[in-house]
Amino acid sequence: MKNKLTNKFLPISISLDKIRNHRHIEIPIKLMVGKRYFEYTISFVIEKYMLVVAALFLGMVALYGSWGETQNTYIKNLWVQIGQETPFELWEMDEKSIMTSASASIFPSSNQNEESATMELVKLTSSNLKDEKSLKEDTKNGLPIFVHSVADYDNLASLAKSENMMEEFMIQKQIRITKALIENKVSRLDQLNDSILLVMNRDISRMFMEMVLKNLGAPAHVLTYFADTIHLRKIETALMEQVKYNVPVSIKLAQSALETAYGSRVIHNNYFGIKDKNRTGEKTITTEYFTAEEASMNQDIILTQKPFIKKGNVLYECKVQDYFTQYGSAWQSFRGHSEFLSTHKRYAPLFTKGKNYEDWADKIGSERTGGVGYATSPLYGELLKKIIKRYQLHLLDH
């Protein structure tokens, strides 16, 4: 017997002799609640009809348990299926807009009339809030479901398969991590040498592509971005950087995808939109969000501006020309991002969040939304979380 108040098992003893000879049961119970001590003795005689009732009761409990497990599995699968912030179909719109947009999230093209992929995502995100109201009721279960919520899945069987593959990935990932630690007689991953880490992370990267991304029905351009081995093995590199600098893999990959529109616009190997404080090289056009006062102070770099209203707050969406860091390779950009976050006091609060990607995404965004100000967009953190959730990138965090 378990006491719900103290969360400890209570000592219960039964006299077997009395049960056999007299069908009489005595149960002494000792209980400590707070500073009070209680001691009880429950005594009763078992009659034949009581045995029949007990047998029927236990049978009903077993039957209900079996039915309940089936229902729980169905409901779990259903909510995984519908528990998206936006319907799958709208996600496809998000991704296609990124690829077809003539300008990138952080590096738009020189044509000022063309909108960046980030702004395309911003508009889609805003419209998604309206689309989420377009719900219908499942007449069988009374649960709200999205219209088109199963656009990426033929049936629940394929969804269950995807779930199982994710669980299997987590198991296999942990097996490889544990094996590496035990074989090398260390307790932390940062105690492993680079060659061993590289082999382990390359294996984890390969498994993630095969077991997770491909089973999520990721579009071709997304698979190409993450699977690319010509410019950089991005997942593998992000795993290495996570061990060395404690930047979650999910955050690094989501930022690089958002800032470059899944690699469609990469200028001077800058994958993270990090600016050059030395103001060298060529200027690049980007989008920033300023208050009226900030816009007035930055007129020397602003090309165009227009009002942007978010939750009643008026900002100005501005096309600006600014200097961005130039890197010799994609790897240098990924390393530069790690060093940029870990060496600037401004971003120190991020590293108090552990590896929780939601906390990181909420904190890394605009100062106007309570963030540390990596970006000026008030929707930056939300966009990161959408990318991470869509492609389950948080499964790589550890």
Side-chain angles (χ1 to χ4, degrees), residues 105-107 118 188-191 234 237-260 268-281 283-284 286-291 293-298 300-301 310 313 315 318 320-385 387-388 393-394 396-398:
S105 59
I106 196 67
F107 296 127
T118 294
R188 303 194 315 269
L189 289 176
D190 61 350
Q191 294 173 321
K234 298 179 186 69
T237 302
L239 285 164
M240 295 290 286
E241 295 297 295
Q242 177 176 246
V243 173
K244 293 180 179 296
Y245 292 92
N246 294 309
V247 178
V249 174
S250 58
I251 291 294
K252 186 178 285 289
L253 292 177
Q255 278 194 278
S256 69
L258 178 59
E259 297 283 358
T260 67
H268 299 303
N269 292 309
N270 192 328
Y271 280 78
F272 299 93
I274 297 176
K275 293 181 180 178
D276 182 4
K277 298 302 180 182
N278 295 324
R279 303 175 68 83
T280 59
K283 287 185 177 181
T284 303
T286 186
T287 303
E288 299 287 358
Y289 295 84
F290 295 137
T291 61
E293 182 180 356
E294 290 169 338
S296 176
M297 295 172 58
N298 288 281
D300 58 323
I301 63 172
K310 173 66 176 176
N313 298 319
L315 298 174
C318 303
V320 304
Q321 280 188 321
D322 214 337
Y323 296 92
F324 287 84
T325 303
Q326 300 181 15
Y327 296 98
S329 67
W331 180 88
Q332 288 179 8
S333 179
F334 271 61
R335 172 55 58 88
H337 175 256
S338 300
E339 293 176 341
F340 181 74
L341 293 180
S342 61
T343 59
H344 285 70
K345 291 183 180 180
R346 180 178 192 171
Y347 304 112
L350 295 173
F351 294 90
T352 66
K353 303 299 180 182
K355 295 296 195 311
N356 186 308
Y357 78 89
E358 291 183 322
D359 288 342
W360 269 74
D362 289 337
K363 198 67 179 174
I364 203 171
S366 171
E367 292 177 307
R368 302 178 189 90
T369 57
V372 294
Y374 185 96
T376 57
S377 169
L379 296 176
Y380 193 78
E382 291 303 317
L383 293 173
L384 291 180
K385 286 190 284 187
I387 293 172
I388 292 170
L393 300 178
H394 61 282
L396 292 163
D397 298 336
H398 53 254

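The side-chain hydrogen bond (donor to acceptor under 3.5 Å, both in side chains) check on Ser250 picks up Asp397, with sequence neighbours excluded. In this structure, the side-chain hydrogen bond (donor to acceptor under 3.5 Å, both in side chains) partners of Lys252, at least two apart in sequence or on a different chain, are His337, Ser338. In this structure, the salt bridge (charged side-chain N to carboxylate O under 4.0 Å, His left out) partners of Glu367, at least two apart in sequence or on a different chain, are Arg346.
When atom types are taken as modelled, the side chain of Gln242 and the backbone of Val249 share a donor-acceptor pair closer than 3.5 angstrom. Formation of a donor-acceptor pair under 3.5 Å by the Ser333 side chain with backbone atoms of Tyr327 is not found in this model. Asn270 places a side-chain N or O within donor-acceptor distance of the main-chain N or O of Ile274, the cut-off being under 3.5 Å.
Rounding to the nearest 0.5 angstrom, the gap separating the CG atom in Leu384 from the CG atom in Leu253 is 11.5 Å. In this structure, CD on Glu382 lies 12.0 Å from CD1 on Ile387, to the nearest 0.5 angstrom. Note that the CG atom of Asp362 and the NZ atom of Lys353 stand 8.5 Å from one another [nearest 0.5 Å]. One distance of note links CZ of Phe351 with CG of Leu341; it measures 5.5 Å at 0.5 Å rounding. Distance CG/Asp359 to NZ/Lys385: 9.0 Å, rounded to 0.5 Å. Taking CG from Leu350 and CD1 from Ile364, the interatomic distance works out to 5.0 Å, rounded to the nearest 0.5 Å.
For the side-chain contact (heavy atoms from CB on, under 4.5 Å) criterion with Phe340, the lone passing option out of Tyr245, Tyr374, Phe272 is Tyr374. Evaluated for a side-chain contact (heavy atoms from CB on, under 4.5 Å) with Gln255, the options Tyr271, Trp360, Tyr380 yield exactly one hit, Tyr380.
Closest non-hydrogen pair, Leu396 versus His398, comes out as O-ND1, 3.3 Å. Counting all heavy atoms, side chain and backbone alike, Phe290 lies closest to Ala295 at CB-N, 3.7 Å. A pairwise comparison of heavy atoms in His394 and Tyr357 identifies CB-CD2, 3.4 Å as the closest pair. The nearest pair of heavy atoms linking Ser377 to Ser366 is O-CB, 3.6 Å. Of all non-hydrogen atoms in Thr280 and Asp276, the two that sit nearest each other are OG1-OD2, 2.6 Å. Considering every non-hydrogen atom in both Glu294 and Asn298, the closest pair reads O-ND2, 2.7 Å.
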### Stepwise side chain to side chain contact (heavy atoms under 4.5 Å, CB included) check, Thr376 with Thr287
CA-CA 9 Å; Thr376 57; Thr287 303; over 6 Å; no
### Message
Using the rule given for side chain to side chain contact (heavy atoms under 4.5 Å, CB included), can you reason through Arg368 versus Thr291, listing the C-alpha separation, both sets of side-chain angles and the distance that settles it, and then say yes or no?
### Response
CA-CA 10 Å; Arg368 302 178 189 90; Thr291 61; 3.5 Å; yes
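Between Thr325 and His268 there is no side-chain heavy-atom pair separated by less than 4.5 Å. Residues Glu358 and Ile388 fail the side-chain proximity criterion, which asks for heavy atoms closer than 4.5 Å. Considering only heavy atoms from C-beta on, Leu315 comes within 4.5 Å of Pro378 through its side chain. Inter-residue side-chain proximity for Tyr323 and Asn278 is flagged as unmet; no heavy-atom pair is nearer than 4.5 Å.
Ion pairing between Glu241 and Lys244 fails under the 4.0 Å rule for side-chain N and carboxylate O.
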